[in-house]
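Notes to accompany the following structure.
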2 protein chains.
Amino acid sequence: MEKITINSVAKHAGVSKKTVSRVLNNEANVSDATREKVLAAFKELDYKPNPIARGLANNRSFIIGCLYDNPSKSYITRVQTGALAACQEQQYNLLIHPCELRGQALLDNIDTLLHTSQLDGIVLTPPFSDQKPLVDFLKAKKIPYSRVASVLLEDDSISIGSNDGYAAYEITKLLISLGHTEIAFIKGHPDHSATEQRLLGYKQALEESGLPFKESLIDEGNFSYHSGEDSARRILNLTPRPSAVFASNDYMAAAVLKVASQLKLSVPHDLSIAGFDNAPIARHIWPGLTTIAQPVEQMTHIAVTKLIEQIKNPELENYQENLPARLITRESTGPYRSS
Amino acid sequence: MEKITINSVAKHAGVSKKTVSRVLNNEANVSDATREKVLAAFKELDYKPNPIARGLANNRSFIIGCLYDNPSKSYITRVQTGALAACQEQQYNLLIHPCELRGQALLDNIDTLLHTSQLDGIVLTPPFSDQKPLVDFLKAKKIPYSRVASVLLEDDSISIGSNDGYAAYEITKLLISLGHTEIAFIKGHPDHSATEQRLLGYKQALEESGLPFKESLIDEGNFSYHSGEDSARRILNLTPRPSAVFASNDYMAAAVLKVASQLKLSVPHDLSIAGFDNAPIARHIWPGLTTIAQPVEQMTHIAVTKLIEQIKNPELENYQENLPARLITRESTGPYRSS
DNA sequence: CTGAAAGCGCTTACAG
DNA sequence: CTGAAAGCGCTTACAG
């Protein structure tokens, strides 16, 4: 069978290919009768426009790039799900680009990506979304981008956030309401702005409840399970031992649970544990983790949708939105008991 | 700044654009002197060929599609990692396409994908890689494809496998060598051919050791954590209670561990548990899971590399390879003790 | 409301 | 070994 192109359709419908193009792009200035004829031809010939030809004529690729560097597979999958849905709705393709923030020559890497894949736009996920040099680079190159981030900058870019600080505040408040006063905190990776936000929420909850902030209860993690194990060993050997631990993500919280088990501590009887992210592991371990669920898919979906809208219409003003997170209470947190 | 195209390079180097094209594609029949001149021009102008224009002229997109439908995020990520690496090595882009095997009109979905994204080829991961109708469809459409699969068909397609049956045999043998005779088995999702392969390996190990195969010890799962919980509740209430459980993947094995904890059974003292896949959860829970590690990234890498080679040279004969899996022993398995 | 021309940045024949 | 022409399947000006 021969190839069905815009020319076949034009011939079949008895119009010029420019007219076919108009119908294809939903342009005005086509009479209803003509439009009908062309649409009928589309159906009869089972015509599918060639996006490559379209791209060349338009100087567009209809491809959005998605940048990430995250140890959590479930987070990545959620980002992809949201981005993919938005792309499909608008007939765009999604190109995934995992890469290391700390890798050499990030900007070179991105520059090459932009050229070789001819991206029309790029969506930045944490920690890239908080990288000033990267954002400036894209701005200078005039590449449309949008950010899925934990902080809304006073930037003029498209950013979709979720209030990490407030969520951390809420979960700390929960621990306090259960009677805990010695609450350890495990920090995340310093490259992520969420790390600082979550710590701020923790501090604020303590302060509001009149509890002292103790530097000795703060431990450095980096979001990995392994770092959580190390932190847990240090924290659970403190005297007095904290009665609760709030880890900045669920992997580290799961590691705390493991170390607690090894130390024969019963959770939540001897120790309450809270995490962040609602990763699958939060419900795959026992006891399940009390944690924070963010609407990651939805955030990414909006970020990509707005990005494509801006690509189609560069005049569009920028868009910022903060979506709410949700506290999920499971079995890993319980009332304080003196030991 | 103006755009650098093949014309700019041709002018700069003082040759025709056809000659530039030859250098670009590493074709023969270019004098060394000319080649040098052109290469120098590439550098001086920082020329990057436009893949879209190339694609249109070639009737190629330089895009490979990756099809998957898998509940395990870590598996998906591993597949993507391998596929992405292979694509980048050969200057291809990767398009991810999660979709439901059981969804309505799979073939329509794929047909649309092929057209709207202009894929040059497609890599099938389980369970798609075992779908005869899908494979036949691609063959009829003459779309190059390759399979990452648990079974090598006597098919003429590119397939990269790993011997699931043998791995399941090995892990069952391990349990038997530890003294277990009542070993329950939780099956995976029926759509995956791995499900049957793993059961076969289990059976073979029993048989070889002179142990009877008991239908009552086999439970239906579907690879999800939830199904593992259900199976575990049934299995751990059997009389006599099995002293070991081999679950067809790690999520179900983790669920068995959870149910065992709830029933106050100590692992591995009262119950040994083995999984499959070496998912992150296998080392994130305590005790860690004895399991099987397959070289998923490597399998996918080879599958995509061979696919692209075949796209570039359709004369190439098909390629089949089986990679070995590896048994990983952790704390969840131990010697049999009578209760 | 409709169309003929030129062009997007490359490559495939075809000449020489 | 090198190049001028035509074309890939669309779209953007420009006319009418």
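Bear in mind the structure is a predicted one, so any value in this text is a computation, not a measurement. In what follows, chains are A, B, ... by sequence order, proteins preceding strands, each numbered from 1.
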- Query: Just by protein heavy atoms under 4.0 Å, how would nucleotides 6-16 of chain D read 5' to 3' in B, S and -?
  - Reply: -BBBBBB----
Could I get the full list of salt bridge (charged side-chain N to carboxylate O under 4.0 Å, His left out) partners for [X], not counting sequence neighbours?
| X | answer |
| --- | --- |
| A/Glu44 | none |
| A/Lys17 | none |
| A/Lys37 | none |
| A/Asp191 | A/Arg102 |

Taking distance alone, no hydrogens or angles, what donor-acceptor pairs closer than 3.5 Å link side-chain atoms of residues 45-62 of chain A to residues at least two apart or in another chain?
unit_1	atom_1	unit_2	atom_2	d
A/Asn50	OD1	A/Ile52	N	2.7
A/Asn50	OD1	A/Ala53	N	3.3
A/Arg54	NH2	A/Asn25	OD1	2.9
A/Asn58	ND2	A/Arg54	O	3.2
A/Asn59	OD1	B/Lys3	NZ	3.3
A/Ser61	OG	A/Ile63	N	3.1
A/Ser61	OG	A/Gln118	O	2.4
A/Ser61	OG	A/Asp120	OD1	3.3

- Sequence neighbours excluded, the answer for ring-ring contact (aromatic ring centres under 6.0 Å, His included) partners of B/Phe223 is B/His192
- Quick one: the dot-bracket string of DNA chain C, using Watson-Crick and G-U wobble pairs with both distances under 3.5 Å, [ ] for crossing pairs and | for bases paired to another strand. |||.||||||||.|||
Can you list everything that forms a side chain to side chain contact (heavy atoms under 4.5 Å, CB included) with [X]? Sequence neighbours excluded, please.
| X | value |
| --- | --- |
| B/Ala83 | B/Leu94, B/Thr300, B/Val304 |
| A/Lys11 | none |
| A/Asp32 | none |

- Query: Considering only heavy atoms, which members of residues 33-45 of chain A lie under 4.0 Å from some atom of DNA chain D?
  - Reply: none
- C/dG3 phosphate, OP1 or OP2: any side-chain N/O from A/Thr19 under 4.0 angstrom? yes
- Message: Using a 6.0 Å cut-off, check whether atom CD of A/Glu89 has over 12 heavy atoms from anything other than its own residue.
- Response: yes
